[in-house]
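Below is one structure, written out as structure tokens, with a few remarks after it.
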Amino acid sequence: MPLLEQIIQLEKEALERIGNSDSLDSLNAIQVEYLGRKGKVTAVLKQLKDVPPEKRQQIGAAANKLRVKLENLLKEKQAVFAPSGIKTIFDPTLPGTAPRVGAPHIINQVMGEICQIFYGMGFEIAHGPHVETDYFNFEALNFPPDHPARDMQDTFFVEGGRLLRTHTTPVQSRILAERKPPIKIITPGLCFRYETITTRSHVAFYQVDGFMVDEGVTMADLKGALVAFCREYFGKGLKYKFRPSYFPFTEPSAELDISCFLCDGRGCQLCKYSGWLEILGCGMIDPNVLEHAGIDSEKYTGYAFGMGVERPAMLKHKITDIRMFFNNDVRFLRQFL
Ligand code: DAH
């Protein structure tokens, strides 16, 4: 075959092979096969000396053009597979793809912060079942059957006469029945109530309850623990007030309000212009509750408190809809990494 035709043929063949090549190894092999010392294009160049002088320039130019074209093309393609020039596809100097890192849900974060503060005050942490008996959820807590106070907590009943616990206070009933004072425990967890779902209430929500039973425990101990907690969690300078209230399992009972940390008690949208935020329920454990658990109420006294988790979380992070916590919308959750 005349040299010029060979060159055209070689070009066609080489371009097709480079085009189909899908690895650095095959590109390198093509380079050797065409441009190497014993390569096909090199062979053509070597034959130039035998070409009659009047044709040599034309054929020589065509052969050189092909050589340069293949060299450039190979270099370009090789760079795709080995961008840094290293003869490997893996380039450790390139920035990696960061893996998506998860984080605790905001509710778990808040519960963790609350527990951490009480843990620092010497409270143990205990858990109980979500599906409870009427006894531990109500009766042991001094809600007799048909007592109107049961209506304070609309209940989901499940098969076998059991129910979904309406608060975490039944963990207190269980621990009192099992252990002897001194006891100092907090009980974080999920609770359920048959409520209409709105921006402010949900059928599932978290609470942290706590209680202490020992000889000589007084309302002053309750006050000391709760004020210390609020100052730690909401801020040092806040004011507080204990308001009389009612719970069947405490006597006397109270609710703790703190001065609004957003407006410092002057009145704003967050505190509904009252200057105060309701934080928790508390009181001295009713002697009936201790006696139910077989604890001598003449010898021992105790205090107890219970707080929602969503509400402080909403207040602190200015979240206006409780449903956000349960929707699993990562755009919302990512704000609290
Ligand atoms: N269990 C009550 C509720 O869900 C909250 C509560 C109030 C718990 C006073 C307590 C307490 O332990 O002492 O409404």
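For ligands, and for the atoms within them, numbers begin at 1 and follow the listed sequence.
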Taking only non-hydrogen atoms of Phe305 and a 4.0 Å limit, the atoms of ligand 1 in range are 8 (C), 10 (C), 11 (C), 12 (O), 13 (O)
N/O to N/O below 3.5 Å, does that happen between Ala304 and ligand 1? yes
For the side chain of Asn142 and the backbone of Val289, is there at least one donor-acceptor N/O pair under 3.5 Å apart?
-> no
re atom 12 (O) of ligand 1, the protein heavy-atom contact at minimum distance is Asp209 OD2, 3.0 Å
* Are any of the N/O atoms in Arg193 less than 3.5 Å from those in ligand 1? -> yes
### Message
Between ligand 1 and Thr250, is the shortest N or O to N or O distance under 3.5 Å?
### Response
no
Within 4.0 Å of some non-hydrogen atom of Gly306, the atoms of ligand 1 are 6 (C), 8 (C), 10 (C), 11 (C), 12 (O)
message: Phe305 vs Phe211, test: ring-ring contact (aromatic ring centres under 6.0 Å, His included). Steps then yes/no.
response: CA-CA 6 Å; Phe305 55 87; Phe211 65 101; 8.8 Å; no
Report task. Please check if the distance between the ring centroids of Phe156 and Tyr194 is under 6.0 Å. Result -> yes
Going by the 4.0 angstrom heavy-atom rule, the piece of Glu255 near ligand 1 is neither
- Does the pair Arg67 and Glu71 meet the rule for a salt bridge (Lys or Arg N to Asp or Glu O under 4.0 Å), with working shown? CA-CA 6 Å; Arg67 184 179 55 80; Glu71 268 171 9; 3.3 Å; yes
At under 4.0 Å between heavy atoms, what of Gln207 touches ligand 1? The answer is side chain
Indicate yes or no: does an N/O atom of Phe249 lie under 3.5 Å from an N/O atom of ligand 1?
-> no
Can you confirm whether more than 12 heavy atoms, excluding those of Phe332, are under 6.0 Å from its CZ atom? yes
Presence of salt bridge, Glu33 and Arg17, under 4.0 angstrom: yes
The atoms of ligand 1 lying under 4.0 Å from a heavy atom of Phe247, numbered in the order shown, are 7 (C), 9 (C)
field: CD (Gln116) with more than 12 external heavy atoms under 6.0 Å
entry: no
